[in-house]
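Read the structure below first, then the notes.
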Amino acid sequence: MSIVTELRVRYAETDQMGVVYYANYLVWFEVGRVEFLRSLGFDYKQMEMEDGCILPVVEASCRYRAPARYDDVILIEAGPIILKGSLLKFAYRIFRASSAREGQLLLAEGETVHIVCDASLQKCLMPERYAAPIRSAIRVSGLDDQGDVDGQD
């Protein structure tokens with residue numbers, strides 16, 4: 001299961017050529033990830049404050065397909081694909097929204113890998129109240145990218 005978040009590209013996100021600066025796609029991945037967690041009924045702040053659980057990014061990748069430009073409406077699709085032990089992986093796709101002249105266009109796709117940690121950055125298991133809905137979201141999509149059913153060990 002993934003969710004889609006809509007944003008409009010701001011002028012500050014573009015470079016001198018009027019194209020979105022490449023690092024902003026990683027920021028948009030975070031926007032999608034935060035909104036995905038919120039769609040499950042919790043958020044990063046709650047995980048950090050109530051459970052001392054943080055999700056540092058340990059790996060990120062992005063494949064750029066087409067440029068986004070100032071004032072484009074973009075759609076950020078985000079969802080988890082693996083939750084194994086303390087490892088959590090998300091996948092993303094960013095599209096330019098459809099217009100009357102052209103259909104939706106894939107702009108970029110990528111992944112982030114996170115290690116679940118406590119407040120002192122020690123690896124730990126994700127509290128079950130967060131892990132269960134994330135696992136359920138992975139089940140909806142069937143096979144993860146490791147070929148495992150349901151994203152389980």
Side-chain angles (χ1 to χ4, degrees), residues 1-49 53-117 121 123 126 130-152:
M1 176 181 101
S2 61
I3 61 108
V4 175
T5 304
E6 182 178 292
L7 290 179
R8 185 175 295 275
V9 175
R10 296 166 293 223
Y11 184 77
E13 294 169 317
T14 64
D15 61 19
Q16 189 174 9
M17 297 174 289
V19 173
V20 169
Y21 179 67
Y22 74 94
N24 285 308
Y25 290 85
L26 297 176
V27 173
W28 294 341
F29 288 179
E30 181 182 354
V31 169
R33 187 169 62 251
V34 166
E35 293 306 318
F36 172 81
L37 294 176
R38 191 170 279 125
S39 79
L40 296 180
F42 56 87
D43 59 34
Y44 271 132
K45 185 177 181 180
Q46 177 183 359
M47 293 173 72
E48 292 174 355
M49 301 294 287
C53 178
I54 60 175
L55 302 173
V57 175
V58 297
E59 183 179 328
S61 66
C62 186
R63 291 168 299 286
Y64 303 95
R65 306 293 188 201
R69 299 182 186 280
Y70 170 66
D71 212 34
D72 282 351
V73 174
I74 62 164
L75 306 173
I76 306 162
E77 181 182 275
I81 55 174
I82 298 173
L83 176 58
K84 291 185 182 198
S86 60
L87 182 132
L88 176 59
K89 185 174 185 179
F90 278 85
Y92 311 90
R93 293 191 304 168
I94 298 178
F95 297 91
R96 181 178 300 123
S98 298
S99 70
R101 292 188 322 237
E102 54 188 43
Q104 233 176 41
L105 177 65
L106 179 64
L107 303 175
E109 55 190 339
E111 298 83 30
T112 56
V113 178
H114 307 261
I115 299 295
V116 181
C117 293
L121 291 177
K123 187 166 70 168
M126 180 174 282
Y130 307 121
I134 291 171
R135 277 194 301 269
S136 292
I138 294 169
R139 279 193 196 102
V140 169
S141 63
L143 294 176
D144 67 30
D145 69 350
Q146 300 297 309
D148 298 325
V149 175
D150 300 330
Q152 298 194 4

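Between Leu55 and His114 the shortest heavy-atom distance is O-ND1, 3.1 Å. The shortest non-hydrogen separation linking Phe29 to Cys62 is CZ-SG, 3.8 Å. Smallest separation of non-hydrogen atoms from Arg33 and Tyr44: NE-OH, 2.7 Å. Scanning all heavy atoms of the two residues, the minimum distance from Gly32 to Ile3 falls at O-CD1, 4.0 Å. Residues Leu121 and Pro56 share a closest heavy-atom pair of CD2-CG, 4.5 Å. Arg69 approaches Thr14 most closely through the heavy-atom pair C-CG2, 4.4 Å.
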Next item on the list: Evaluate the salt bridge (Lys or Arg N to Asp or Glu O under 4.0 Å) criterion for residues Arg38 and Glu35: first the C-alpha distance (whole Å), next the side-chain angles of each, then the deciding distance (0.1 Å), finally the verdict.
Entry: CA-CA 5 Å; Arg38 191 170 279 125; Glu35 293 306 318; 2.6 Å; yes

Next item on the list: Under the side chain to side chain contact (heavy atoms under 4.5 Å, CB included) rule, what do Leu40 and Met1 come out as? Steps first, then yes or no, please.
Entry: CA-CA 11 Å; Leu40 296 180; Met1 176 181 101; 3.7 Å; yes

Next item on the list: Kindly indicate, with the supporting measurements, whether the criterion salt bridge (Lys or Arg N to Asp or Glu O under 4.0 Å) is fulfilled by Glu111 and Lys89.
Entry: CA-CA 7 Å; Glu111 298 83 30; Lys89 185 174 185 179; 5.3 Å; no

Next item on the list: I would like to know whether Val9 and Trp28 meet side chain to side chain contact (heavy atoms under 4.5 Å, CB included); could you show each step before the answer?
Entry: CA-CA 10 Å; Val9 175; Trp28 294 341; 3.9 Å; yes

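Each of Ile74, Leu7, Thr5 was checked for a side chain to side chain contact (heavy atoms under 4.5 Å, CB included) with Ile94, and the lone residue meeting it is Ile74.
For the atom pair CG of Leu75 and CG of Leu106, the computed distance is 11.0 Å after rounding to the nearest 0.5 Å. Note that the CG atom of Asp71 and the CZ atom of Arg10 stand 12.0 Å from one another [nearest 0.5 Å]. In this structure, CG on Leu107 lies 5.5 Å from OH on Tyr25, to the nearest 0.5 angstrom. Note that CD of Gln104 is 11.0 Å distant from CZ of Arg96, once rounded to the nearest 0.5 Å. Atom CG of Leu37 is separated from atom CG of Asp43 by 8.0 Å, given to the nearest 0.5 angstrom. In this structure, the separation between NZ on Lys84 and CZ on Arg135 is 12.5 Å, given to the nearest 0.5 Å.
Under the 30°/60° scheme for interplanar angles, the aromatic rings of Tyr22 and Tyr64 are found to stand perpendicular.
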